[in-house]
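Take a look at the structure set out below.
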Amino acid sequence: MNTYDPTLVETKWQRRWDEQGTNLFDEAKLRHAEKPYYNLMMFPYPSAEGLHIGNIYAYTGADIQGRFQRLNGKRVFEPMGFDAFGIHSENFALKIGTNPNELIPSNIANFTKQLRRIGGMFDWNHTVDTTDPDYYRWTQWIFVQLFKAGLVVRRKSAVNWCPQCKTVLANEQVIDGKCERCDAQVGQRRLPQWFVRITEYADRLLKNIPQLDWSETTKVAQTNWIGASDGAYVDFAVADSDMSIKVFTTRPDTLFGATYMVLAPEHSLVAELTDSSQSESVQAYVESARQWDIVERQKTDRDKTGVFLGSHCINPVNRKSIPIWISDYVLAEYGTGAIMAVPAHDQRDFEFAVKFDLPIQLVIQGADGPQNDSLDAAYSGDGVLVNSDKFDGLDSEDAKNRIVADLQDRGLGEAVTTYRLHDWCISRQRYWGPPIPIIHCPDCGPVAVPEQDLPVVLPYLEDFKPNEEGESPLSRDTTWCNVSCPKCGKDAKRETDVSDTFLDSAWYFLRYPCTDIEDAPFNSEILDSWLPVHSYIGGNEHAVLHLLYSRFLTMALHDLGFTKFEEPYQKFRAHGLLIRDGKKISKSRGNIVVPDDLIVKYGADTVRMYLMFLGPFEQGGDYQEHGIHGPRTFLNRLWQSVEEAEAGECEPDVERALHATIERVTRSIRELRYNTAVASMMEYLNTVRAEGRRPKVEEVSPLVVMVAPFCPHIAEELFEKLGRSSSIFDNASWPVYDPKLLEEQFVELGIQVNGKLRATIRADTNATQDELQELALEHPNVARYTSDADIKKVIHVPGRMLSIVVGKSR
RNA sequence: GCCUGAGUGGCGAAAUUGGUAUACGCGCCAGACUCAAAAUCUGGUGGUGGCAACACCGUGAGAGUUCGAGUCUCUCCUCAGGCACCA
């Protein structure tokens, strides 16, 4: 009898899959797909360290879903690729003194080897590598489309500046005011940058969220990130001037309590509104605010600072003159960069008013709120208006509408929704990215590189370090930079910034099914039949930005007429994280596990099953290597059972267990609860092998199919042993359970007396409540509690329990 | 501070969504096989008391609803992740 040798089995089947193209599509198959199922997972950044166990965990969980769908008759397209541009690769290359042009290909080769070794059902004919000119040609093409549509614009903007990496950082790359890569403190700079106008789509991105089949947490995260606030613009006339200042407020009901105004130091009207008597202190404040790095600026617990401009504006509702201040607690990027300060009802304004001795006027009286102006803190709740002239007595909600309507009639305000979402800055003053396909002409301005001239190939630079000035390394390659304007032919210069990696990954899933197409980024016919993606699985760390950017891009391409769908991912689920020694497994924590040795020792199948058995896939699990013995024993016993199986039908008890197992495993896999699916299969195998009984072929063969998504290699081998022709994924179908077979003739029924379990009885499933009650009362341990008492009530939960409620003893 | 999750044996975790808490696995204990070990197989394994039948206690803490609560409601504690001067 053969014993199970994972390495032998796995190399055999991996070779067979390659030879027979088991997992490959060709262009014709992609164009004419019946029952298509696009099984997408977030592609990795190919690090030099290789895939770690957390990557394996994520990809295995996604792969199981794909294999399961395939066994259920779907044509499953499961591609893989590499998100290989970007700052991490570049920084790593700098660190080890190599060039990313050499580093990345070898990393990709290593990743590919690892991904093949774990037995993923990947279509290696449709891979994507974002650093391949054949790919980024189309990333640049997309940029050009957005540029032509006015959805990407160039403007000067204050950006996060990392003095260590010498580059601009996106807000999300700044963690606690520090660079996410090198931990250096981040400062500010003003540079001309390319922005994608994602805020144009804020309301649509928000409105579609409820219709998506995504986990609730991800939807909430996206919703909060977009951050819609309903409120109003209010215009305040500047005293002795014909200027006015627009503010945004969510509390127009507190307008009578506005006792001063605050502008952000960066506000465009600051200089104009500064009285000459104050100009020195104002300039000093503005200057220092500019110098402040983001750490300082972001601290919310520090004292409020600010300067009076020396001018006043008029509160439009009560004509009162109120002073205008500037302070860095008002953000230039949000709303209008100016606020009306209502110290009685906003804590920040309150702190500022206390510090600078500004008047505090109560205008909202809450039921449990303060009754007069002597406040310890702002009252930010709702209530009834006071000190508000004709609006006195209204409740907050009413007053908001009435006051806004009133202002609107007078042309001094309007209801508006603002968003926290900012435009997406995609400029990077770096080397390792796709060059932004723009040529700057002194006469024509920025001109898009003509589509037939794409790609703008990233030149090979020996020295790709960023410099102190923040200029892109590409600016040093003068032969590359100096070109003629595509419009007028004059001497012009290429844009030397490269684009953000998030742009590469915002559309990769559109390229996968279309990699056979050379003259276009994608084919609408193919896309419309395969998208939206049926299942997308990835990490929660991308639940906000990546998903948002790719949603935006899909919507924009839809609006430009390229696709029929406007949402890319019908279903998204985030996998959990692996925990080890109480900490999540990550490179920065230094507790990563390299899977290669584990696979050599136990085989990919065992590792796959073990990882899935750790805990619910969406919650992650606690990685303790000794636990791998469970799945290993299971696979050994499964192998033995198939070897020993004799021809014949299922025994009735085993058959019932089988159908219960099919039901549970199917449901568990659908719900991504792989751990309970594995548990059910183990339980069933225990039944099959109980007390040394000899398994029947019909008892084990459905189990082999159910194991297949988890452990594809051993499943193929056992399927072949059972006399079937490979591949199991093309020739087996997922077992179907018969609900009738789940019905049992007898059930174990719990008997409760006054809510406490007193006995368990075995009874006929069809017994009536009266019969059961009689049977129960005969049980000595039940009789102990019931014989002397009145039976008040009996509750029967069929198949589960009988609950007897008794009164006091007679 | 705000938003998400999550707290169940020695450990990873189950519990058909209000119905017999601890399935499945790890570990541990005992036994079989073995000269021995590993592997494998068999049985046991929440706590306290009891020879036993059984009783009481037990799902982060406390209250509540209910015949019945890990599950629902309220108050609180702890941990993980995210956001944070967003007017």
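Letters go in sequence order (proteins before strands), and every chain restarts at 1.
Below 30°, between 30° and 60°, or above 60°: for His546(A) and His542(A) the angle between ring planes is above 60°, a perpendicular geometry. In this structure, Tyr549(A) and Phe502(A) have perpendicular ring planes: the angle between them is above 60°, well past the 30° mark.
For the C1' atom pair drawn from G60(B) and G43(B), the interatomic distance equals 35 Å after rounding to whole Å. Between A23(B) and A13(B), the two P atoms lie 16 Å apart (nearest whole Å). Spacing between A6(B) and U45(B) at atom C1', rounded to whole Å, works out to 28 Å. Across G19(B) and A38(B), the matching P atoms stand 44 Å from one another, rounded to whole Å. Comparing the same atom, C1', in U4(B) and in G9(B) gives a spacing of 29 Å after rounding to whole Å. Only the P atoms considered, U78(B) is 35 Å distant from C67(B), to the nearest whole Å. The separation of U73(B) from U20(B), taken at their C1' atoms, amounts to 25 Å, rounded to a whole angstrom. Spacing of C1' atoms, G50(B) relative to G64(B), comes out at 36 Å, to the nearest Å.
Close to C54(B), at under 4.0 Å from its OP1 or OP2, lies no side-chain N or O of Lys756(A). Proximity of Tyr785(A) to the phosphate of A55(B): a side-chain N or O atom is located under 4.0 Å from OP1 or OP2. Phosphate proximity of A55(B) to Asn781(A): present, with a side-chain N or O under 4.0 Å from OP1 or OP2. Between Tyr623(A) and G12(B) there is no side-chain N or O to OP1 or OP2 distance below 4.0 Å. Residue Arg580(A) has no polar side-chain atom (N or O) positioned under 4.0 Å from OP1 or OP2 of C11(B).
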**OP:** Can you check each nucleotide of nucleotides 22-29 of chain B against protein heavy atoms at under 4.0 Å and return B for base, S for sugar-phosphate only, - for none, in 5' to 3' order?
**Re:** -BBSSS--
**OP:** Starting at the 5' end of nucleotides 4-9 of chain B, put B wherever the base has a protein heavy atom under 4.0 Å, S where only the sugar-phosphate does, and a dash everywhere else.
**Re:** S-----
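Contact between Ile804(A) and Thr786(A) at its shortest, heavy atoms only, is CG2-CG2, 4.3 Å.
Whole-Å rounding puts the Met612(A) CE to A14(B) C1' distance at 18 Å. In this structure, Gln752(A) atom CD and A55(B) atom P are separated by 13 Å, rounded to whole Å. Atom CZ in Arg420(A) sits roughly 15 Å away from atom P in G82(B) (whole-Å rounding). At whole-Å resolution of the value, CD1 in Ile226(A) and P in C83(B) are 15 Å apart. Atom OH of Tyr334(A) and atom C1' of A84(B) are 13 Å apart (whole Å). When rounded to the nearest whole Å, the span between CG of Leu614(A) and C1' of C11(B) equals 12 Å. At whole-Å resolution of the value, CG in Leu757(A) and P in C67(B) are 18 Å apart. As a whole-Å value, the separation of Glu351(A) CD from G1(B) C1' is 12 Å.
Comparing A87(B), C67(B), A21(B) against the side chain of Val805(A) picks out C67(B) as the nearest. For Arg784(A), counting side-chain heavy atoms from C-beta on, the closest listed nucleotide (A55(B), C85(B), G19(B)) is A55(B). Among the nucleotides A87(B), C83(B), C3(B), the one closest to any side-chain atom of Thr249(A) is A87(B).
For U17(B), the base is syn relative to its sugar; the glycosidic angle is within 90° of 0. G25(B) shows a glycosidic angle more than 90° from 0 and is accordingly assigned anti.
A cation-pi geometry, defined here as NZ or CZ lying under 6.0 Å from the six-membered ring centre and within 45° of its normal, holds between Lys304(A) and Tyr329(A).
Among the heavy atoms of the strands lying under 4.0 Å from Ile339(A) is at least one base atom, whether or not backbone atoms are also near. Across all strands, Ser803(A) comes closer than 4.0 Å to base atoms (heavy-atom distances).
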Show me the side-chain donor-acceptor pairs of residues 609-630 of chain A shorter than 3.5 Å, one per line, residues at least two apart or across chains.
residue, atom, partner, partner atom, Å
Tyr610(A), OH, Gln624(A), N, 3.1
Tyr610(A), OH, Gln624(A), O, 2.6
His629(A), ND1, Arg632(A), NH2, 3.3

Scan the side chains in residues 214-223 of chain A for donor-acceptor partners under 3.5 Å anywhere in the protein, sequence neighbours excluded, and list what turns up.
residue, atom, partner, partner atom, Å
Trp214(A), NE1, Tyr569(A), O, 3.0
Ser215(A), OG, Thr218(A), OG1, 3.0
Lys219(A), NZ, Pro210(A), O, 3.4
Lys219(A), NZ, Leu212(A), O, 2.8
Gln222(A), OE1, Arg551(A), NH1, 2.9
Gln222(A), NE2, Ala543(A), O, 2.9
Gln222(A), NE2, Val544(A), O, 3.1
Thr223(A), OG1, Lys219(A), O, 2.6

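Side chain to side chain, Tyr785(A) and Arg758(A) meet the donor-acceptor criterion of an N or O pair below 3.5 Å. A donor and an acceptor atom, one from each side chain of Arg637(A) and Asn686(A), are located under 3.5 Å apart. For the residue pair Thr305(A) and Tyr285(A), a side-chain donor N or O sits within less than 3.5 Å of a side-chain acceptor on the partner. Side-chain contact annotation: Asp235(A) with Ser244(A), donor-acceptor N/O pair under 3.5 Å absent. Tyr419(A) and Asp203(A) are not linked by any side-chain donor-acceptor pair at a separation below 3.5 angstrom, with hydrogens and angles left out of the test. In this model, a donor atom of one side chain and an acceptor atom of the other lie less than 3.5 Å apart for Thr418(A) and Tyr334(A). When only modelled atom types and interatomic distance are considered, Arg664(A) and Thr676(A) share no side-chain donor-acceptor pair under 3.5 Å.
Along RNA chain B, the nucleotide nearest to Lys793(A) and the one nearest to Ile579(A) differ in position, and the one closer to the 5' end is contacted by Lys793(A). Projected onto RNA chain B by closest heavy-atom contact, His779(A) and Ser229(A) fall at different nucleotides, the more 5' of which corresponds to His779(A).
In terms of polar N and O atoms assigned as donor or acceptor, the side chain of Lys792(A) never comes within less than 3.5 Å of the base of C67(B) in a complementary pairing. On a pure distance criterion of 3.5 Å, no polar donor-acceptor pair joins the side chain of Glu541(A) and the base of G81(B).
Under a cut-off of 6.0 angstrom, the local environment of NZ in Lys601(A) is sparse, with at most 12 non-hydrogen atoms contributed by other residues, nucleotides or ligands.
Evaluation of the side chain to side chain contact (heavy atoms under 4.5 Å, CB included) rule for Ser380(A) yields no partner, not counting sequence neighbours.
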**OP:** Could you summarise the pairing of RNA chain B as dot-bracket text, marking Watson-Crick and G-U pairs under 3.5 Å with ( ) or [ ] inside the strand and | across strands?
**Re:** (((((((..(((......[....)))((((((.......))))))((((....))))..(((((..]....))))))))))))....
